[in-house]
Protein chains: 2
Amino acid sequence: MKVNIIMDPLLLLRQSIKSRGLKDTAQREGIVRFLAGAKGHLTQEEIFKALREREPGLGRATVFRTVKLLEEIGLVTRVTFADGVARYEFAYGRPHHDHMICVTCGVALEFSSPAIERLQTRLAKARNFKVRWHRHEMFGLCARCAGKNSS
Amino acid sequence: MKVNIIMDPLLLLRQSIKSRGLKDTAQREGIVRFLAGAKGHLTQEEIFKALREREPGLGRATVFRTVKLLEEIGLVTRVTFADGVARYEFAYGRPHHDHMICVTCGVALEFSSPAIERLQTRLAKARNFKVRWHRHEMFGLCARCAGKNSS
DNA sequence: TCCATAATGATATTAACTTTCATTCTCGAT
DNA sequence: ATCGAGAATGAAAGTTAATATCATTATGGA
Ligand SMILES: [Zn+2]
Ligand SMILES: [Zn+2]
Ligand SMILES: [Zn+2]
Ligand SMILES: [Zn+2]
C-alpha cells in the first residue's frame, strides 16, 4: 500500500528555499498560492496579470524567475502546446499526466496511461537512454469542436 | 500487402504547387532538394545558412515561408525539442516516429511503437477526440552521455 | 539592530518568428 | 515570343516571449 504524505505546498516551498540558501518572499509565496488554487495551464503572462491585480508592485521578471524556481523544486510542471508558449500547471501532489489539446478552442484534456508509460520505459531501456522527463501530446479537435464542424 | 509508391519529392512539390495555384521557383526546389538529402532535424536558421552558400541571394523569409508550405504539403515534419526552437525533418516516404532527445549532447534518437500508437488512438476515441497529429518525446541522457557522468 | 547578500522590478536585450512592401519572377494567354 | 496579372522574393521592420542587467529594497542570521 502506497501512502502519499502531502505537506502544504507553502511548507515545501519554504523548506526548499531554506535548503538552497535562498530567501522567503511574499512574491514567491503569492505565486505558489495562486498556482495551487488556479487549476489549468497558465502562461507567465497570465500568471502575471492575474496576480498583478492583488499585488500591484509585482514585476514580470519575478514571475519569470519564480516559475523557473518552482519547476526546479517540482511544484509546477512546464507544458508547451502548439503555440510554443510555455505554460505552467501546479504539479505538487498530482499524478503525472499527458495532454490532448484542441487546436480550435485550446482546451487541454488530460490523460494518463500506465500502459503507455510502461512501454516508454521499455523502449528507453532498450536504447540505454535515461529518461528525465517526457511529454506526450495529441493535437486535434475535442468532441465539442469536432461536432460543430461535422457534416 | 501494402505497397508504397513514392514519387520523386520534387514531382510531389510541383504537383502540390500547381494544384494550389502557386508558382514553381528555384528557391522552393532548392530547399526541397536540400532537405531530402540532409537527414536530421534542422532549424530554419540551419537550413538558411547551409543553402545560402550555394544560393547567395536566398532570404530567411523564403526559408520561413517554404518550410511552412512544405509542412502543409506533408513533405516535412516540424519537431520541437527542449530548447523550443522549431526544427524540420524530411518526412516524405518515411514512417512516423517519435524522439528521445539527449539534454546534454542534443542527439535525437528516433523510435516507433505501434503498441503505443494503438493505445493513443484508443484513448483519443474514448474522449471523442479527433487526433490530427501528436508528439511523444522523452528527454534525458543518451547512453553516451549517461556513461560519461556515471560513477 | 546590523549588514551581507538575495530578491525585486523597471528596463534593456536577445532570439525566433512573422509581416510588410517594393521589386522580381512565373506562367498561361495571346 | 511577348505580355501582364498576380505570386514570390528578400531586405527590413515588427512582434512576441524569454532572459539579462542593474540600481534599489528586503530578508534573515549574527
Ligand atoms: Zn506520460
Ligand atoms: Zn495538465
Ligand atoms: Zn507517435
Ligand atoms: Zn526524427
Side-chain angles (χ1 to χ4, degrees), chain A residues 10-11 13-34 41-73 76-88 106, chain B residues 10 13-34 41-73 76 78-88 106:
Chain A
L10 283 182
L11 294 185
L13 175 71
R14 290 176 191 143
Q15 173 185 305
S16 305
I17 278 176
K18 185 161 291 184
S19 74
R20 289 163 181 246
L22 306 179
K23 288 175 179 174
D24 206 0
T25 66
Q27 290 89 335
R28 284 174 175 162
E29 297 216 347
I31 291 170
V32 168
R33 253 193 231 100
F34 172 72
H41 308 86
L42 304 172
T43 64
Q44 279 181 35
E45 191 65 14
E46 287 164 348
I47 297 169
F48 170 70
K49 280 183 182 158
L51 275 171
R52 180 84 177 219
E53 299 189 356
R54 301 186 207 167
E55 311 185 34
L58 185 67
R60 280 181 172 77
T62 298
V63 173
F64 164 70
R65 288 181 293 234
T66 300
V67 293
K68 200 163 76 168
L69 172 65
L70 297 182
E71 196 188 355
E72 288 170 20
I73 291 176
V76 306
T77 299
R78 181 175 52 202
V79 295
T80 306
F81 298 153
D83 60 7
V85 181
R87 290 162 188 280
Y88 298 85
Chain B
L10 282 181
L13 174 71
R14 288 176 192 145
Q15 173 185 304
S16 305
I17 278 175
K18 185 160 293 184
S19 74
R20 289 165 180 245
L22 306 179
K23 289 176 179 174
D24 206 0
T25 65
Q27 290 90 335
R28 284 173 175 163
E29 298 216 348
I31 291 171
V32 168
R33 253 192 231 100
F34 172 72
H41 308 86
L42 303 172
T43 63
Q44 278 181 34
E45 191 64 14
E46 286 165 348
I47 297 168
F48 170 70
K49 280 184 182 157
L51 275 171
R52 180 84 177 219
E53 299 189 357
R54 302 184 207 167
E55 311 184 35
L58 185 66
R60 282 181 171 77
T62 299
V63 174
F64 163 71
R65 288 181 291 234
T66 301
V67 292
K68 200 163 76 169
L69 173 65
L70 298 182
E71 196 188 354
E72 289 170 20
I73 291 175
V76 306
R78 180 175 52 201
V79 294
T80 306
F81 298 153
D83 61 6
V85 181
R87 291 161 189 282
Y88 298 85

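All chains are named by letter (A, B, ...) in the order of the sequence lines, taking the proteins before the strands, and each is independently numbered beginning at 1. Remember, predicted model here, so these are calculated numbers, not experimental data.
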Residue list, salt bridge (Lys or Arg N to Asp or Glu O under 4.0 Å) with A/K49, at least two apart or on another chain: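 So A/K49 forms a salt bridge (Lys or Arg N to Asp or Glu O under 4.0 Å) with A/E45.
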
Over how many whole Å does the gap from [X] atom [atom1] to [N] atom [atom2] extend?
{"X": "B/L42", "N": "C/dA16", "atom1": "CG", "atom2": "C1'", "answer": "16 Å"}
{"X": "B/R14", "N": "D/dA8", "atom1": "CZ", "atom2": "P", "answer": "16 Å"}
{"X": "A/K18", "N": "D/dT27", "atom1": "NZ", "atom2": "C1'", "answer": "12 Å"}
{"X": "B/L69", "N": "C/dT18", "atom1": "CG", "atom2": "C1'", "answer": "16 Å"}
{"X": "B/L22", "N": "D/dA5", "atom1": "CG", "atom2": "C1'", "answer": "15 Å"}
{"X": "A/R20", "N": "C/dA7", "atom1": "CZ", "atom2": "C1'", "answer": "15 Å"}
{"X": "B/I17", "N": "C/dC25", "atom1": "CD1", "atom2": "C1'", "answer": "13 Å"}
{"X": "B/L58", "N": "D/dT9", "atom1": "CG", "atom2": "P", "answer": "9 Å"}

Do B/L69 and B/V67 come within less than 4.5 Å of each other through their side chains, counting heavy atoms only?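 They are not in side-chain contact.
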
Taking the nucleotide of DNA chain C with the closest heavy atom to each, which residue, A/T66 or B/K23, is nearer the 5' end?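 Result: A/T66.
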
Partners meeting side-chain contact (heavy atoms from CB on, under 4.5 Å) with A/A26 (sequence neighbours left out):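 Result, side-chain contact (heavy atoms from CB on, under 4.5 Å) vs A/A26: none returned.
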
Is the side chain of B/R28 donor-acceptor paired with the backbone N or O of B/I17 at a distance under 3.5 Å, no angle test?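 Side chain of B/R28 to backbone of B/I17: no pair is present.
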
Quick one: does A/T66's side chain have a donor or acceptor within less than 3.5 Å of a partner on A/T62's backbone?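 Yes, A/T66 side chain to A/T62 backbone: donor-acceptor pair under 3.5 Å.
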
Would you name the heavy atoms of B/L10 and B/E29 that are closest together and state the gap between them?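 Reported closest heavy-atom pair: CD2-O, 3.9 Å.
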
Strand contacts (DNA chain C) in residues 25-33 of chain B, 4.0 angstrom heavy-atom criterion: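 Residues of residues 25-33 of chain B that come under 4.0 Å of DNA chain C do not exist, since none gets that close.
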
Show me the protein contacts with nucleotides 12-20 of chain D, counting only N or O atoms at under 3.5 Å.
unit_1: D/dA18; atom_1: OP1; unit_2: A/A86; atom_2: N; d: 3.1

Run the ring-ring contact (aromatic ring centres under 6.0 Å, His included) test against A/F81 and tell me which residues pass, sequence neighbours left out.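 Result, ring-ring contact (aromatic ring centres under 6.0 Å, His included) vs A/F81: A/H41, A/H99.
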
With sequence neighbours excluded, residues passing side-chain hydrogen bond (donor to acceptor under 3.5 Å, both in side chains) with B/R52: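 Residues passing side-chain hydrogen bond (donor to acceptor under 3.5 Å, both in side chains) with B/R52: none at all.
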
Does the pair A/T43 and A/F48 meet the rule for a side-chain contact (heavy atoms from CB on, under 4.5 Å), with working shown? CA-CA 8 Å; A/T43 64; A/F48 170 70; over 6 Å; no

